[in-house]
Amino acid sequence: VLPSAVPAISARMGADAAAQWPVLESALYALGAIAPGCSAALGQQVPPLIAFIGGQLQHPRACVRLMCCWSLGRFAAFIADDVAAAPSAQEADARAYRAVVMALLATMRDPHPGVRQSACNAYANVVEAAGGAICRYLDAVVPQLVAVYGAMSPGESTGVYDAINVTLEAGAPGLRSNAALVGTLVQPLAARWNALPDSDEEFEYLLECMGVLASALGPSFAQFAPAIFARSVAIISTAVTAHKALVAQRQQEQQQGQQSHFLALDVYDEEQCGGVSTGLLQCALDFVDGLTDSLAPADVAQLFATAPVAQLAFDCCAYASPDVLESAFCLVGDLARLAVASLQPFLALLVPVLVQRLEPSLPRVFTNAAWALGNIAMQCPDAVVPHVPVAAAKVASVLEHVARFRCLASLLANTAIVCGRLVLVAPDFMAPRLAAAPKLFGTWCALIRKLPEDHEKIDAVRGLCTVCLRCPAQVGPLF
């Protein structure tokens with residue numbers, strides 16, 4: 001393709017930019033189209049092409065400026081590799097990365113809304129691809145982002161928050177060591193937080209951004225956490241209270257023999273329980289759960305002591321919405337890991353729910369349910385043992401058809417982990433059944449081998465060793 005395409009594209013790039021803008025736009029589109037697959041083959045031709053595209057961000061035609069942004073985003077992988085290969089910081093400054101990032105930031109304030117959105121998307125692609133490279137330029141980037149955020153028009157929140165979130169994730173090391181920059185970034189976010197009602201569509205994006213900020217700042221986020229935590233808990237509580245009332249109403253209608261359109265709640269009923277969308281509820285759950293990883297354990301314990309977090313997490317497990325269940329199970333898993341005592345009153349009802357949700361047709365729900373079940377098994381084995389036969393059958397169904405889920409790495413990893421943990425809490429039941437199924441046992445071993453080296457893999461390996469010790473005659477020939 002390249003021998004024919006590059007000369008034709010180059011010819012169109014040389015067209016009179018003002019008079020023949022459709023020709024130029026088509027050339028930019030072609031460049032963006034071939035960028036992901038052909039950047040390596042183009043080699044040293046790419047930096048001049050990127051410089052040319054950047055130079056057209058001031059073109060009088062909005063459609064050309066928009067296409068420039070899109071094309072630059074398509075070169076994100078090359079730009080990232082290029083700056084990573086720089087032998088020194090000074091050399092990195094001379095590469096395309098810095099110029100592209102600053103040009104896209106400036107274009108985020110373009111007069112045309114479509115160009116602004118395209119610039120946000122391209123910026124997010126480039127910064128995400130290059131990872132920590134943004135840290136060197138945070139002093140210049142953060143004030144620009146704050147200016148873009150302040151000038152943001154209604155309806156543009158998605159792109160701007162994506163740009164901020166990616167900057168927070170990639171620039172976390174640099175932000176943690178620069179309190180002044182954190183203050184510059186937090187001030188407009190806090191002002192927006194105080195001004196927006198929960199019902200505002202933008203508030204969901206803002207709450208998600210606060211969660212990313214907590215992850216980026218780590219323990220130093222503790223100074224901002226109480227107010228955001230309290231509002232998140234209030235959102236969850238409002239949704240849960242309305243959900244319970246709706247469930248009770250449906251049950252009453254059923255008992256009275258009334259004809260109701262739906263006797264059981266589904267995702268459509270839950271979409272606006274208490275005026276809280278399932279998307280906002282998920283964001284609130286994710287924020288509360290994210291604090292368990294971001295803050296110091298003492299700060300987490302102090303915050304969680306001010307609200308019935310375990311009760312709310314348990315109540316959210318009654319939702320039908322997969323998105324809510326995914327986040328609720330994740331929070332349950334972290335509570336089992338860090339504060340299992342708070343879950344004790346609910347375990348008799350909670351564990352059967354987790355086992356019931358081990359259905360791979362909803363991969364993310366399965367993944368988090370398996371993870372939460374495994375964490376509870378390690379902390380409260382007696383609560384899990386009665387449910388091991390059903391859970392084991394569902395885990396076995398995944399191991400038997402592992403090829404169907406080969407693209408779902410997280411699901412398979414958590415299947416391997418929970419299988420090992422079930423062996424640890426119920427070895428008399430699990431060990432002989434795994435040993436008697438060579439194909440299942442071999443698949444499980446293969447999945448364990450791919451796990452990252454952490455405490456969860458240790459539990460899976462301990463389970464494997466337990467099977468070997470309990471049934472050496474059956475599993476010995478399999479190695």
Side-chain angles (χ1 to χ4, degrees), residues 196-201 203-208 211 228-292 304 306-336 339 342-359 361-362 364-369 372-373 376:
L196 289 178
D198 295 354
S199 57
D200 194 294
E201 185 178 343
F203 182 74
E204 185 176 322
Y205 299 110
L206 178 56
L207 180 53
E208 181 183 6
I228 305 172
F229 173 78
R231 191 168 176 181
S232 298
V233 167
I235 289 169
I236 299 170
S237 181
T238 299
V240 162
T241 301
H243 189 267
K244 286 181 175 179
L246 190 54
V247 170
Q249 177 187 338
R250 290 290 168 81
Q251 289 174 341
Q252 185 178 12
E253 292 171 355
Q254 189 174 19
Q255 291 169 359
Q256 294 175 352
Q258 296 179 12
Q259 291 297 319
S260 178
H261 189 56
F262 292 110
L263 291 178
L265 297 189
D266 59 24
V267 292
Y268 301 105
D269 297 306
E270 295 171 344
E271 178 54 36
Q272 286 293 338
C273 274
V276 178
S277 69
T278 51
L280 179 57
L281 176 57
Q282 183 183 22
C283 283
L285 287 167
D286 288 343
F287 176 81
V288 172
D289 181 49
L291 293 178
T292 61
F304 282 25
T306 65
V309 176
Q311 174 74 61
L312 293 173
F314 170 69
D315 290 337
C316 287
C317 292
Y319 266 70
S321 165
D323 292 336
V324 175
L325 289 175
E326 177 190 351
S327 297
F329 291 161
C330 192
L331 178 55
V332 166
D334 276 317
L335 289 173
S342 66
L343 285 176
Q344 286 282 4
F346 314 106
L347 289 181
L349 296 174
L350 178 58
V351 172
V353 171
L354 294 174
V355 173
Q356 178 189 3
R357 292 296 182 174
L358 292 176
E359 295 293 343
S361 57
L362 296 173
R364 292 180 298 176
V365 174
F366 178 101
T367 296
N368 287 359
L373 181 66
I376 292 172

A.B. asks: Would you compute the distance between atom CZ of Arg357 and atom CG of Leu362 and round it to the nearest 0.5 angstrom?
C.D. replies: 7.5 Å

A.B. asks: Take His243 and Asp315, measure what side-chain contact (heavy atoms from CB on, under 4.5 Å) needs, and give me the verdict at the end.
C.D. replies: CA-CA 9 Å; His243 189 267; Asp315 290 337; over 6 Å; no

A.B. asks: side-chain contact (heavy atoms from CB on, under 4.5 Å) for Glu326 and Gln282? Distances and angles first, verdict last.
C.D. replies: CA-CA 8 Å; Glu326 177 190 351; Gln282 183 183 22; 3.9 Å; yes

A.B. asks: Answer whether the closest heavy-atom distance between the side chains of Glu204 and Ser277 falls below 4.5 Å.
C.D. replies: yes

A.B. asks: How close do Phe203 and Pro197 get, heavy atom to heavy atom, and via which atoms?
C.D. replies: CB-O, 3.6 Å

A.B. asks: Output the distance between atom CG (Leu343) and atom CG (Leu350), rounded to the nearest 0.5 Å.
C.D. replies: 6.5 Å

A.B. asks: Just verifying a value: how many Å separate Cys283 SG and Leu207 CG, rounded to the nearest 0.5 Å?
C.D. replies: 5.5 Å

A.B. asks: Enter the distance from Leu347:CG to Phe314:CZ here, rounded to the nearest 0.5 Å.
C.D. replies: 9.5 Å

A.B. asks: Checking side-chain contact (heavy atoms from CB on, under 4.5 Å) for the pair Phe329/Val353: CA distance, chi angles, key distance, verdict?
C.D. replies: CA-CA 10 Å; Phe329 291 161; Val353 171; 4.2 Å; yes

A.B. asks: What closest approach, in Å, do Glu359 and Phe366 show between heavy atoms, and which atom pair accounts for it?
C.D. replies: N-CD1, 3.5 Å

A.B. asks: Is the backbone N or O of Thr292 less than 3.5 Å from a side-chain atom of Asp334, with the two atoms forming a donor-acceptor pair by type?
C.D. replies: no

A.B. asks: How about Leu373 and Leu358: do any of their side-chain heavy atoms sit closer than 4.5 Å?
C.D. replies: yes

A.B. asks: Return the CD1 to CG distance between Ile236 and Leu312, rounded to the nearest 0.5 Å.
C.D. replies: 6.0 Å

A.B. asks: Give a yes or no on this: more than 12 heavy atoms of other residues, nucleotides or ligands lie within 6.0 Å of atom CZ of Arg231.
C.D. replies: yes

A.B. asks: Which heavy atom in Leu281 sits nearest to a heavy atom in Val276, and how many Å separate them?
C.D. replies: N-CG1, 3.9 Å

A.B. asks: Go through it in stages, so that I can follow the logic: the residues are Thr278 and Asp323, the test is side-chain hydrogen bond (donor to acceptor under 3.5 Å, both in side chains), and I'd like the CA-CA distance, side-chain angles, deciding distance and then a yes or no.
C.D. replies: CA-CA 7 Å; Thr278 51; Asp323 292 336; 5.5 Å; no

A.B. asks: Ignoring hydrogens, what is the shortest heavy-atom contact between Cys316 and Val324? Give both atom names and the distance.
C.D. replies: O-CG1, 3.9 Å

A.B. asks: Looking at every non-hydrogen atom in both residues, tell me the closest pair between Cys317 and Leu325 and how far apart they are.
C.D. replies: O-CD2, 3.4 Å

A.B. asks: Taking the six-membered ring for Trp, is the centroid-to-centroid distance between Phe304 and Phe229 below 6.0 Å?
C.D. replies: yes

A.B. asks: Under the 3.5 angstrom rule, does the side chain of Thr241 hit a backbone N or O of Ser237 as a donor-acceptor pair?
C.D. replies: yes

A.B. asks: Nearest 0.5 Å, please: how far is OG in Ser342 from CD in Gln311?
C.D. replies: 10.5 Å

A.B. asks: Restricting to non-hydrogen atoms, name the atom on Ala336 and the atom on Ile376 that form the minimum distance, rounded to 0.1 Å.
C.D. replies: CB-CG1, 3.7 Å

